[in-house]
Visitor: 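Once you've had a glance at the structure underneath, I'll fire off some questions.
In what follows, chains are A, B, ... by sequence order, proteins preceding strands, each numbered from 1.
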Amino acid sequence: MTSLFALVDCNNFYCSVMRVFHPELNNVPVVVLSNNDGSIIARSNEAKALGLQMGQPFFEAKPTIDKYNVVYFSSNYTLIGDMSARVHSTLARFTPNVEIYSIDEAFLDLGGFKGIVIPDYARTIRNTVKKWTGIPVSIGVAPTKTLAKLANRIAKKSEKANGVLVLTEAKHLEAALKRTDVGDVWGIGSRYATKLHSFGINNAWQLANVTDAFAKKHLTVVGLRLVKELRGEPCADLEIEPPAKKGICSSRSFGKPVTTLDDLKEAVAVYASRCAYKLRQQKSACRVVTVFIHTNPFREQEPQYYNTKTINLPVSSSSTIELVQYATMALEHIYRDGFAYKKAGVYITEIGPADGAQMNIFDRVDRSKHASLMLTLDQLNKSMGKGTVKVAAEGVSHIWEPKAEFSPPCYTTRIEDVLKVR
DNA sequence: TCTGGGGTCCTAGGACCC
DNA sequence: TCTGGGGTCCTAGGACCC
């Protein structure tokens, strides 16, 4: 049986979400900003046409934004997450084998489908997602994931494809590979693209035709797999069950510079608490906690400081109380007076199953008590709303909170916003 | 004034061991 | 000229993704 993968990708997802709730923004340039309203992370086609770049600092883009009346929003992750779930559950109607690849992308396994016309089926999926969620998607179908990605890119850009491209015939595959720049291949970033150009390899077709030895030598075994996938040989299957994370990180840039240890402690406690929560959600525990802090590298004239501290836990844990304690210890170790800090973060690693935690005879923590406390905390926060219950160290002043001055309301979760009442 | 956050995988090289 | 060789573990750094 020959394999067949579909990649479904939401078009300009964050912008499209805004348009669902603001239909008047159709055909109007729209951008969505990163945390702290720092830079552009999503652009509508009209915004792309104005030359606005992905990752471009907001202040730098502001003149263009003002000149062309570009509409801009802060990110609202609750809203985005909710719309993402709607799209993914719609896709699940079309095949049991779905891999949720990212917030706005999914791979579908169409390999075993008999008696259906694939291009028609793909178009039905596209129309249904649009009708049920309001989100426009593009669909690429091909024998490997890498080729499905490539087909998707063309489906999105080509007027003729109109959002759907199925690449199964050799001559179509060859033409598609020849018109794709090597740097636009999934897995080839800017470094590898430069390197490949220096060897005269400029498009995906040329990359598909290098020797295995060349691929391995210059692009490692990852690149060798990629090259095989370009030739139509599948090297990656669908990942239907998301694997447990091996590292969990929570970090943010601050809304304004932070100078005191007390404020940093609050922020680090909040991040450690988020890590602990994510850890419990996947029923894991960690053995290592790392904290990092740094000043603003863009302010070159100001004194710079960057440091990290890693602490090995005596016994692996997923308790917010414990992780906050260790993260605070780490922070105290690296904090230096006299700097304006821009960002802090907590990173936890050495993650394993919660019930497989190694015992330690010197362990003085009552683990069953902690576990039941955390269970209660998670249940309360789930039923009464995020942040209802937290540990004291997380504080309340939060002068370091990121900025989000252009936030859209939570249309999908707040009835007041849906009904437009005040 | 203003520059995101959260991940994965691989390799090279050093330390250490027998 | 030529200084043992092979295995494992760990870490730092590099590359990529959305």
Visitor: Just checking A:Phe58: base, sugar-phosphate only, or nothing, at a heavy-atom cut-off of under 4.0 Å?
Guide: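 Counting heavy atoms under 4.0 Å across all strands, no contact is made by A:Phe58.
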Visitor: Identify whether any heavy atom of A:Thr308 sits under 4.0 Å from a base atom; if not, whether one sits that close to sugar-phosphate; answer base, sugar-phosphate or nothing.
Guide: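 Counting heavy atoms under 4.0 Å across all strands, no contact is made by A:Thr308.
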Visitor: Would you kindly compare A:Gly247 and A:Pro57 by the position of their nearest DNA chain B nucleotide and give the one closer to the 5′ end?
Guide: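 Upstream on the strand: A:Pro57.
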Visitor: Could you tell me whether A:Phe406 atom CZ has more than 12 heavy atoms of other residues or ligands within 6.0 Å of it?
Guide: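 Counting neighbours around CZ of A:Phe406, more than 12 heavy atoms of other residues, nucleotides or ligands fall under 6.0 Å, so yes.
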Visitor: Taking 5' to 3' order, which nucleotide of DNA chain C is first and which is last to have an atom within less than 4.0 Å of a heavy atom in chain A?
Guide: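 Extent of the interface on DNA chain C: C:dA15 to C:dC18.
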Visitor: So A:Asp104, base contact, sugar-phosphate only, or nothing? Heavy-atom distance under 4.0 Å.
Guide: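 Here A:Asp104 touches the backbone only, sparing every base.
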Visitor: Fit a plane to each ring of A:Phe5 and A:Phe107, take the angle between them on a 0 to 90° scale, and name the class: parallel (under 30°), tilted (30 to 60°) or perpendicular (over 60°).
Guide: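 Ring orientation of A:Phe5 relative to A:Phe107: perpendicular.
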Visitor: Looking for any heavy atom pair under 4.0 Å, which part of the strands does A:Leu219 touch: base, sugar-phosphate only, or nothing?
Guide: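 Here A:Leu219 touches no strand at all.
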Visitor: Taking the same atom, P, in B:dT3 and in C:dC18, what whole-Å distance lies between them?
Guide: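 B:dT3 and C:dC18 have their P atoms separated by 25 Å.
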Visitor: Describe the nucleic acid contact of A:Lys246 in one word from base, sugar-phosphate, nothing, applying a heavy-atom distance below 4.0 Å.
Guide: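 Touches sugar-phosphate only.
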Visitor: Quick one: label A:Ser250 by what it contacts on the DNA or RNA (base, sugar-phosphate, nothing), any heavy atom closer than 4.0 Å.
Guide: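 Sugar-phosphate, no base atom in range.
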Visitor: When we call it a touch if two heavy atoms are under 4.0 Å apart, what does A:Lys245 touch: a base, just sugar-phosphate, or nothing?
Guide: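 Sugar-phosphate contact only.
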Visitor: Evaluate the side-chain proximity of A:Thr128 to A:Phe94: yes if any heavy-atom separation is below 4.5 Å, no if none is.
Guide: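 They are in side-chain contact.
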Visitor: What is the nucleic acid contact for A:Asn35, judged by heavy atoms within less than 4.0 Å: base, sugar-phosphate only, or nothing?
Guide: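 Answer is sugar-phosphate: A:Asn35 comes under 4.0 Å of backbone atoms only.
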Visitor: Categorize A:Lys195 for me: base, sugar-phosphate, or nothing, with a 4.0 angstrom heavy-atom threshold over every strand shown.
Guide: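 The answer is nothing, as A:Lys195 stays clear of every strand by at least 4.0 Å.
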Visitor: Under 4.0 Å, counting only non-hydrogen atoms across every strand here, what does A:Arg225 touch: a base, just sugar-phosphate, or nothing?
Guide: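 Sugar-phosphate, backbone atoms only, no base.
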Visitor: How far apart are the C-alpha atoms of A:Val20 and A:Thr133, what are their side-chain angles, what is the distance that settles it, and do they pass the side-chain contact (heavy atoms from CB on, under 4.5 Å) test?
Guide: CA-CA 8 Å; A:Val20 170; A:Thr133 70; over 6 Å; no
Visitor: Kindly determine whether A:Lys245 and A:Ile248 satisfy side-chain contact (heavy atoms from CB on, under 4.5 Å), including the steps that lead there.
Guide: CA-CA 7 Å; A:Lys245 296 200 188 321; A:Ile248 293 172; 4.1 Å; yes
Visitor: Please compare A:Tyr14 and A:Tyr347 by the position of their nearest nucleotide in DNA chain B and report the one closer to 5'.
Guide: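 Going by which nucleotide is closer to the 5' end, it is A:Tyr14.
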Visitor: Which stems does DNA chain B form, counting runs of 3 or more consecutive Watson-Crick or G-U wobble pairs with both distances under 3.5 Å?
Guide: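 Detected stem regions: B:5-18 with C:5-18.
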Visitor: Side chains of A:His398 and A:Glu266: closer than 4.5 Å at any heavy-atom pair?
Guide: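 Of all side-chain heavy-atom pairs linking A:Glu266 with A:His398, at least one is under 4.5 Å.
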Visitor: Have a look at A:Ile103 and say if it touches a base, only the backbone sugar-phosphate, or nothing, with a 4.0 Å heavy-atom cut-off.
Guide: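 It contacts nothing in the nucleic acid.
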Visitor: Could you check whether A:Lys216 gets within reach of a base, just the sugar-phosphate, or nothing at all, counting any heavy atom under 4.0 Å?
Guide: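 A:Lys216: no heavy atom of the nucleic acid under 4.0 Å.
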Visitor: Mind checking A:Glu105 for me? I need base, sugar-phosphate or nothing, with any heavy atom below 4.0 Å counting as a touch.
Guide: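 Touches sugar-phosphate only.
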Visitor: Does the ring of A:Phe254 carry A:Lys342 above it, NZ/CZ under 6.0 angstrom from centre and within 45° of its axis?
Guide: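 No, A:Lys342 does not sit over the ring of A:Phe254.
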Visitor: What pairs meet the side-chain hydrogen bond (donor to acceptor under 3.5 Å, both in side chains) rule with one or both residues in residues 192-210 of chain A, with sequence neighbours excluded?
Guide: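 Qualifying pairs: none.
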Visitor: What I'd like to find out is whether the side chain of A:Phe339 reaches to under 4.5 Å of the side chain of A:Arg336, using heavy atoms alone.
Guide: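 A side-chain contact exists here, since the closest heavy-atom pair is under 4.5 Å.
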Visitor: With a 6.0 Å cut-off (strictly less than), is the heavy-atom count around NZ of A:Lys390, excluding the residue itself, greater than 12?
Guide: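 Buried by this count: over 12 neighbours within 6.0 Å.
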